[in-house]
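Step one of this worksheet: look at the structure below.
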Protein chains: 2
Amino acid sequence: MTKTTALEGSTVEAPKELQTKERLLQAGMEIFAERGFADASIRQICSRAGANAAAVNYHFGDKQRFYAEVLATCHLRAWQRRPIPRLADFDEPGDALRAWLRWFLEMLTVDGAGPLGRLMAREMADPTTALDQLILRSMAPMMGTLYEIVAALMPHRDGEARNLCLQSVVGQCLFYRHAQPVFESLERLSQSGGLPPGAPLILQVEVDRLADHITQFSLAGLGVTAPEDGGSP
Amino acid sequence: MTKTTALEGSTVEAPKELQTKERLLQAGMEIFAERGFADASIRQICSRAGANAAAVNYHFGDKQRFYAEVLATCHLRAWQRRPIPRLADFDEPGDALRAWLRWFLEMLTVDGAGPLGRLMAREMADPTTALDQLILRSMAPMMGTLYEIVAALMPHRDGEARNLCLQSVVGQCLFYRHAQPVFESLERLSQSGGLPPGAPLILQVEVDRLADHITQFSLAGLGVTAPEDGGSP
DNA sequence: ACAAGATTAAAACATGTGTTTAAATCGTCC
DNA sequence: GGACGATTTAAACACATGTTTTAATCTTGT
């Protein structure tokens, strides 16, 4: 099926073919995440990978199939780096919710966690033909595990109420991915004194504090607990 | 300052100059909203406006300044079509929150309400040089009015807690703009039977139901009320 | 009616894109 | 060592883009 006819049983640990293919995938993840599918140029990707401009077309066929493979690689590595927390792993559904939120927020906003979050956001902003694949492979399982947690937290409500609450939870997280450019622009504006005095300054927070806040806010919204009054210790 | 040296005191109600300039702005709003700044081509915009390919450069200088003017026009028309609900207009802060949410959701997701919501989302997904302008002119006032409402609803909390809650409220709304392509793709997938049986089907809801849900969820999250148990009548 | 200026129109320019082609290079096996 | 296939390289192709240019057309004031 595949075209790996040569260098199959070689004694060398890292064959050259996988070398540049791997470098292309790495560069593709970076640049597709930075610039999006349309704005990322094959020449730029090949340049960062230290390969010729025709390397992508040789190894992957065309830009679209290369992009699809980049998405698949992203998904695979993100999920094997840290598996998604499931309801069955916890005694209390509230703990499962907090763990899920921490996992989701990290994937979305922490750069070191891989570019899957950025690529998902880009695919939502302007979809390509690879959106269906991304939904089936990445998004649906994430939402499925969260739905189990939400269902355990509100067992007496019907599916539509659960879906609305699930979306309220997910929306709070997605905000911190989509608003990142706004944060940066606000920081820039506030340094140059271009902000009106009355405007409330929105600030970035660490993932742990975010997960704690969204957990409390959502548990209250779901009707599980009354929100704690604390916050400033 | 401006270059309107001719046709100034004409008796004609709709001078030709404003005709094509207005048509260009209209087509620009549509196509920039559909395809984003980079992917929208000047030729396509001029074609939809029934103008020559050089019309944009003649009337606005270049693509960037044209885009900035489109954003400004969008903002102006969206806000004069329906003013933003303010805290002072309501007796109860909860009513103000519900009205604000309804206004924000409509701007974000209802096509007839103008393309400002789409353009804001696009500018967040991959920013251009016009993001600062959009923040100062459109986003900051929206968030300012919401902050007043949130502050009235949680008078005993500090600014950081209020900001976190504000972002939780905004995130729930933004979800329904950013997830729209996912909704459409899910609908397509479910019709072709490509969805696994266990996957929870996320459905679109009307703006009024959304506003009600987010109001209840958020009031509970803010610690104002315990969420009602009802939902299915 | 005429002339001046604003507006349109068509064509060309420079540039960047994805992709293909053809030759050169490399690695491996007989 | 030499030959064969996989890989890399450089060049070219076809096309789309934003912008500029030049001439034509329209509008208006006198």
Side-chain angles (χ1 to χ4, degrees), chain A residues 1-25 27-28 31-32 34-70 126 128-130, chain B residues 1-25 27-28 31-32 34-70 126 128-130:
Chain A
M1 179 69 82
T2 65
K3 58 178 68 171
T4 61
T5 53
L7 305 175
E8 198 56 55
S10 173
T11 57
V12 185
E13 270 288 334
K16 256 286 180 60
E17 183 210 344
L18 295 187
Q19 281 283 25
T20 83
K21 213 170 172 180
E22 168 61 30
R23 265 179 299 151
L24 285 175
L25 285 172
I31 294 189
F32 280 133
E34 289 171 11
R35 312 178 69 89
F37 174 75
D39 275 19
S41 87
I42 284 192
R43 281 178 172 84
Q44 185 185 4
I45 291 173
C46 291
S47 162
R48 180 171 302 189
N52 186 268
V56 161
N57 294 282
Y58 175 76
H59 282 283
F60 299 93
D62 58 6
K63 195 186 182 185
Q64 280 202 25
R65 271 176 287 187
F66 173 57
Y67 177 64
E69 205 126 339
V70 165
D126 50 53
T128 71
T129 54
Chain B
M1 178 71 80
T2 65
K3 58 177 67 170
T4 61
T5 53
L7 304 175
E8 198 57 53
S10 173
T11 58
V12 185
E13 270 289 332
K16 258 286 180 59
E17 184 211 344
L18 294 187
Q19 282 283 25
T20 83
K21 213 170 173 181
E22 168 60 29
R23 264 179 300 149
L24 285 175
L25 285 173
I31 295 189
F32 279 134
E34 289 171 11
R35 312 178 68 87
F37 174 76
D39 275 19
S41 89
I42 283 190
R43 281 179 172 84
Q44 185 184 5
I45 292 173
C46 292
S47 162
R48 180 171 302 191
N52 187 267
V56 160
N57 293 283
Y58 174 76
H59 282 283
F60 299 93
D62 58 7
K63 194 186 182 185
Q64 280 202 23
R65 271 177 286 187
F66 173 56
Y67 178 64
E69 205 127 337
V70 165
D126 49 51
T128 72
T129 55

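All values below were derived from every heavy atom in this structure, side-chain atoms included, with hydrogens, water molecules and symmetry-related copies excluded. Within every chain, numbering begins at 1; the chains are lettered A, B, ... in the order of the sequence lines, protein sequences first and strands thereafter.
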### Message
Expressed as a whole number of angstroms, how long is the span from A:Tyr58:OH to C:dT21:P?
### Response
15 Å
### Task
Grab the CZ-P distance between B:Phe66 and D:dT17 for me, whole Å please.
15 Å
### Query
Say you draw a straight line from SG of B:Cys46 to CZ of B:Phe66; how long is it, rounded to the nearest 0.5 Å?
7.5 Å
### Query
For the pair made of NE2 in A:His59 and C1' in D:dT9, what is the distance, rounded to whole Å?
12 Å
#### Entry: Rounded distance in Å - CZ (B:Arg65) to P (D:dG18)
15 Å
### Message
Which residue in the set A:Ile42, A:Leu25, A:Val70 passes side-chain contact (heavy atoms from CB on, under 4.5 Å) when paired with A:Phe60?
### Response
A:Leu25
### Summary
For nucleotides 9-19 of chain C, 5' to 3', base contacts (B), sugar-phosphate-only contacts (S) and non-contacts (-) with protein non-hydrogen atoms under 4.0 Å give BB-B----BBB
### Query
Separation of A:Gln19 atom CD from C:dG27 atom C1', in whole Å?
15 Å
### Query
For A:Ala49, which residues count as a side chain to side chain contact (heavy atoms under 4.5 Å, CB included) partner, sequence neighbours excluded?
A:Arg23, A:Leu24, A:Ala27
### Summary
For residues 34-47 of chain B, the salt bridge (Lys or Arg N to Asp or Glu O under 4.0 Å) pairs (sequence neighbours left out) are B:Glu34-B:Arg48
### Message
Within this structure, what is the CD1-CZ distance for the pair A:Ile45 and A:Phe32, rounded to the nearest 0.5 Å?
### Response
4.0 Å
### Query
Partners of B:Asp126 by side chain to side chain donor-acceptor pair (under 3.5 Å), sequence neighbours excluded?
A:Arg122
### Query
Just to confirm, is there a sub-4.0 Å distance from OP1 or OP2 of D:dT7 to any side-chain nitrogen or oxygen of A:Thr20?
no
### Whole-Å gap separating C1' (D:dT19) and CD1 (B:Ile45)
15 Å
### Nucleotide D:dG18, atom P - distance to CD1 of B:Ile31 in whole Å
11 Å
